[in-house]
*Asks:* 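Before we start, here is the structure in question, set down as structure tokens.
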Amino acid sequence: MVITNDKTLLEVTGLTTSFFTGEGTVHAVNDVAFTVGRGEIFGLVGESGSGKTVTAHSIMRLVHQPGRITGGRIVFEGRDLLGLNEKQMEEVRGSRIGMVFQEPMTALNPVLRIGEQISETLEIHRASGGNGIRQRVMELLNKVGFDDPEKRLIQYPHQLSGGQRQRVLMAMAIACGPSLVIADEPTTALDVATQSQILGLLEGLVDTLDMSMIFITHDLNIVRSLGHSIGLMYAGRMLELSRVENFFKQPLHPYGRGLLGSIGGFSGSARRLTAIPGSVPRLSELPTGCTFHPRCPYIMDMCRVKEPVMKEVEKDQWVRCYLYQN
Ligand code: SF4
């Protein structure tokens, strides 16, 4: 279940991550598969509770008790991350895969100056590049759009705006020259103008540093402008996987069609705004059969009974829905 790429950097197959709570087992990520090509941006889209962030944490092997990755493969740069020991995984985190979080204030240490925090990342991975750590930190601050890096070096996080703090996190994420950055809703807490600056910066970094990116968001418009391919998650499942241009031209899954309708339609459709009735089910109380069936306008008898599998309907367009399985 992959989108074909000449150069695949990351291939996730059958990823299943569950949380074993006193009230039962919650399958937060269930049999998820997708690929990310080198130099590409993969938009991972879904409402809250759809499993996007748990998918990202699974790739980084940062799922904590009572959660556990119970199945699948995460092949990155030719190695299955699920087979690495913790020391090898520490090397991958930060040095090969960087991460940018939604709320920079909680990801940054409030009592350490910006320069110290970025230096620490370089020191942990011994990645100063030979020019001295201070010089490298200044270069990084420059790369993420600070034209006054010397001043920023000695500031504390609370002395920066939300957008500036997000830039600092981006500098830390790219510090060691990773080939993949995972950005988890990095612009959600920012105002619209700052949001578009940060998105432009991320896109520029992917181009100039020859990286790939997984961009996690609930905002389809961001993926439309940034992404090369898109994965649509719902209740822990991947429902549709497609090249971005195909998805926005003709989304296949009723959930994707509904979401796109709610933001103003897709090409060729009536542009009437529609909202999807109902809400995302709780992961501990999933409906039988297709997880989307309580909200689906096309529901058939079998949809309530058995969950459909992912199927490639058009080239590089996979969908989990009985409408396409005859
Ligand atoms: Fe709707 Fe059935 Fe398709 Fe689920 S499988 S999205 S309920 S038509």
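Start at 1 and go down the list; that is how both ligands and their atoms are numbered.
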*Asks:* Working to the nearest 0.5 angstrom, can you tell me the gap between L122 CG and Q117 CD?
*Replies:* 12.5 Å
*Asks:* Can you confirm if the NZ or CZ of R68 lies within 45° of the ring axis of F20 and under 6.0 Å from the centre of its six-membered ring?
*Replies:* yes
*Asks:* Is there a donor-acceptor pair closer than 3.5 Å between any side-chain N or O of H253 and the backbone N or O of L239?
*Replies:* no
*Asks:* I'd like to know whether ligand 1 has M302 as a neighbour, heavy-atom separation below 4.0 Å.
*Replies:* no
*Asks:* Confirm or rule out an N/O/S atom of C290, from backbone or side chain, lying less than 2.8 Å from atom 4 (Fe) of ligand 1.
*Replies:* yes
*Asks:* Under a 4.0 angstrom heavy-atom cut-off, which atoms of ligand 1 come close to H253?
*Replies:* 6 (S)
*Asks:* Could you check atom 5 (S) of ligand 1 against the protein and tell me its nearest heavy-atom contact, residue, atom and distance included?
*Replies:* Y322 N, 3.3 Å
*Asks:* Is it the case that the side chain of R295 and the backbone of P277 share a donor-acceptor pair, with hydrogens and angles ignored and the cut-off at 3.5 Å?
*Replies:* yes
*Asks:* Does the E307 side chain pair with the main chain of C290, one donor and one acceptor, at a distance under 3.5 Å?
*Replies:* no
*Asks:* For H293, counting its heavy atoms only, list the atoms of ligand 1 lying under 4.0 Å from any of them.
*Replies:* 7 (S)
*Asks:* Need the ligand 1 atom indices (1-based, order shown) with element for anything under 4.0 Å from a heavy-atom of L323.
*Replies:* 8 (S)
*Asks:* Give the atom numbers and elements of ligand 1 that come within less than 4.0 Å of a heavy atom of P254.
*Replies:* 6 (S)
*Asks:* What protein heavy atom sits nearest atom 3 (Fe) of ligand 1, and how far off is it?
*Replies:* C321 SG, 2.3 Å
*Asks:* Which residue and non-hydrogen atom of the protein lie closest to atom 1 (Fe) of ligand 1, and at what distance in Å?
*Replies:* C296 SG, 2.3 Å
*Asks:* Any N/O/S atom, side chain or main chain, of C303 closer to atom 2 (Fe) of ligand 1 than 2.8 Å?
*Replies:* yes
*Asks:* For this output row, return yes or no: ring centroids of Y234 and F292 closer than 6.0 angstrom.
*Replies:* yes
*Asks:* Which one holds for R320 and ligand 1: side chain close, backbone close, both close, or neither close, with close meaning a heavy atom under 4.0 Å?
*Replies:* neither
*Asks:* If hydrophobic clusters are built by linking Ile, Leu, Val, Met, Phe, Trp and Tyr wherever their side-chain heavy atoms come under 4.5 Å apart, do F248 and L252 end up in the same one?
*Replies:* no
*Asks:* If we only count heavy atoms from C-beta on, is the D184 to V100 side-chain gap below 4.5 Å?
*Replies:* no
